[in-house]
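First comes the structure, then the notes that go with it.
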Protein chains: 2
Amino acid sequence: MGEPVTIMDVAKAAGVSPATVTHALNGKRPVSEMTRKRVLAAVESLGYVPSWNASRMKSRSSGIIGCLAADITETFVNQIVRGIEQGLSGGQHSLFFVSGIEFGNDLKKAYHFLKSHKVEGILFCHHLPIWKEFNLDTQNSDIPIVSVNMDTPGMISVIPDNTTGGYQAAEHLYGCGMRHPAMICGPEDRLSVQDRLQGFSSRVTELQMQMPTLRYYGNYDYDHGFEAAIELMRDYPETDGIFCANDYIAAGCIAGLQNLGYEVPSQVRVVGFDNRDFSSFWNIPITTFELPLQEMGILGVSILKQVISTGSYAKTKHVLQSKLIPRQSSRG
Amino acid sequence: MGEPVTIMDVAKAAGVSPATVTHALNGKRPVSEMTRKRVLAAVESLGYVPSWNASRMKSRSSGIIGCLAADITETFVNQIVRGIEQGLSGGQHSLFFVSGIEFGNDLKKAYHFLKSHKVEGILFCHHLPIWKEFNLDTQNSDIPIVSVNMDTPGMISVIPDNTTGGYQAAEHLYGCGMRHPAMICGPEDRLSVQDRLQGFSSRVTELQMQMPTLRYYGNYDYDHGFEAAIELMRDYPETDGIFCANDYIAAGCIAGLQNLGYEVPSQVRVVGFDNRDFSSFWNIPITTFELPLQEMGILGVSILKQVISTGSYAKTKHVLQSKLIPRQSSRG
DNA sequence: TTGTAAGCGTTATCAA
DNA sequence: TTGATAACGCTTACAA
């Protein structure tokens, strides 16, 4: 498939030196208009594209930022990645996305891969503290790392404010008439679940209401919501407002409530989290919270860029607010 | 942030030549066990990782495969990318994913970017024939390109069989008792819509049934399904089976039918497409088709690898079957 | 088994 | 305004 065209080929074709070709292309020193035109013509006709590798051999900077994530099909990952791309667009850096899947979930391998490409910084995008496994490397890493979505001690972190989300959920449900709150949680080991729970229960306490001690932990899915709702209403029949840890659970919860003959929202109000696509057109549209995922990606890039350019690496923590989206499931 | 560690540093620390370091690391020539150990110790203590750029300067191959897509947040894109990652894992190549977003949707720019990184092949991942815009480049491209998801004339294509999907939808609905079929289409300019329509109507004809001439084109979303269902039942009240171009439309269609007082599936059967997450737990679980997205990614990689290694570039077309997932919306 | 030196394609420095 | 040359970090003949 065709020999690779080098700067020498272009130089020969244009009858100039390789140095002139470089400068005609990147304008780092003046080139006469006539020469430039000849060079550009040669570039065009030969289909020459400079080799990134060779260019970056000399200059210390690779111009590449790496992103390490587990699985691109997870909504939170691809939304964040989209934000990262936006934050990078038009700038000097480009993105090298690497998924755990490529490396059999061996993050150490993936990290070394990025390092071998001389990335100038890494955006780390997980919902579990997997970083612990290769802690040693990252702590003393000469490459700045920003953790997006996980509050990772010892790293700069950009995270959504799940706690305030929970707090606002309680506030909102109270305003809609809830007096006997409850929560159906997701997986117990997720920080997002704990934070949402903590925010919710703290506002519940402030408002001098009681909530069940049972947490109804389970998967982040419909079935768990359905079953938990039935258990919950059996255990605490006075419940008139349920905060679900995400929209899948909320959807199941609503269905479970309807199955028991409850009316949503007049008898029981329901709030979810994450603003999944179906939430807007669920049979009872689901009140939810939109995570600032793209904003997190954009902010992560901006912070990383700053760290790279200044060299200062303060382990700061940046919290972005989630946004309440009120829908029918919570208000009459 | 620390000076970059080079092979020279390691060589000095281990008291050997750079050549020995290379060979101790990649085993392309025998190294005594003692020397190897000293080298590896030096590598470890210095945190040395070989520069990918420098390594690839000599060898013609970059070991990189590029992937060009519009938007990673689209399900079909990230599923395919996941397949690509799987196909690549454990092999010699790594993936450079590039999104249109990074380049302000200037595909030409993105293509040149990949070329500058000396990618050995490109996987092109779109649902629209945007490639036409930079047709000239790709036709004479010295880099092999495989189009995944779009049947792109002049390129190797890996595509889902939407036509057979439509065909099977008609077959399935007929088996469920449908005698007066109809279809609610998506955007008229999508090939997927046209193919699904064609497959459906061809089986309808074979089964000697009639279907409306109206196509009910519209967005691939819930609202369109809802409104189109109402129009459709007004125009053709005898309709007892509706094939919707995707699951969003199907969800809206079911809601629209229920709104009119029809029972699904006993009075009207509904089939969707794409197997969205909500389809399994919709209030009436939606019969749908699962696209072989990950498989398409895997196959795309495998074909591209073969083209790269053999150098032969036949413009073949590879069609993968979608899989019917029967649920309640179609059978009583 | 190991070392020396040339070369990959580009850019920076120096000289013209 | 331009050209020659060294250098980037690594691999690989070739030599020892």
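Here is the naming used below: chain letters follow the sequence lines, and residue numbers restart at 1 for every chain.
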Minimum-distance nucleotide to Val31(B) side chain [options: dT1(D), dT2(C), dT10(C)]: dT2(C)
Given DNA chain D, 5'-ward residue of the pair Pro30(A) and Ala19(A), judged by closest heavy atom: Pro30(A)
Sugar-phosphate, base or nothing in reach of Ser51(A), heavy atoms under 4.0 Å: sugar-phosphate
Touch class at under 4.0 angstrom, heavy-atom based, for Val21(B) against every strand present: nothing
Approximate separation, where rounding is to 0.5 Å, of Arg36(A) CZ and Leu25(A) CG: 8.0 Å
Separation of atom NE2 in His23(A) from atom P in dA12(C), rounded to whole Å: 6 Å
Exceeds 12 heavy-atom contacts within 6.0 angstrom, atom CD of Glu33(B): yes
Presence of Lys28(A) side-chain N/O under 4.0 Å of dT11(C) phosphate oxygens OP1/OP2: no
Mutual orientation of the aromatic rings belonging to Phe96(B) and Phe113(B) [parallel < 30°, tilted 30-60°, perpendicular > 60°]: perpendicular
Whole angstrom value for the distance that separates P of dC8(D) from NZ of Lys118(A): 14 Å
For atom CE of Met8(A) and atom C1' of dG7(C), their distance in whole Å: 13 Å
Under 4.0 angstrom between Thr22(B) side-chain N/O and dC10(D) OP1 or OP2: no
Short side-chain N/O contact from Ser55(B) to OP1 or OP2 of dG9(D), under 4.0 Å: no
Atom pair distance, as rounded to whole Å: CD1 in Ile7(A) and C1' in dT5(D): 14 Å
Phosphate OP1/OP2 of dG3(D): any Ser17(A) side-chain N/O under 4.0 Å: yes
For atom CZ of Arg38(A) and atom C1' of dG3(D), their distance in whole Å: 14 Å
DNA chain C: 5'-proximal contact among Thr35(B) and Asn26(A) (nearest heavy atom): Thr35(B)
Per Tyr48(A) side chain, nearest of listed nucleotides dT10(C), dG3(D), dT11(D): dT10(C)
Lys12(A) NZ - dG3(D) P separation (whole Å): 14 Å
Heavy-atom donor-acceptor pair, Glu120(B) side chain to Gly63(B) backbone, under 3.5 Å: yes
Gap between atoms CE and P, on Met57(A) and dT11(D) respectively (whole Å): 11 Å
Base dG3(C) to side chain Arg29(B), donor-acceptor N/O within 3.5 Å cut-off: yes
Ser99(A) side chain vs Ile101(A) backbone, donor-acceptor pair below 3.5 Å: yes
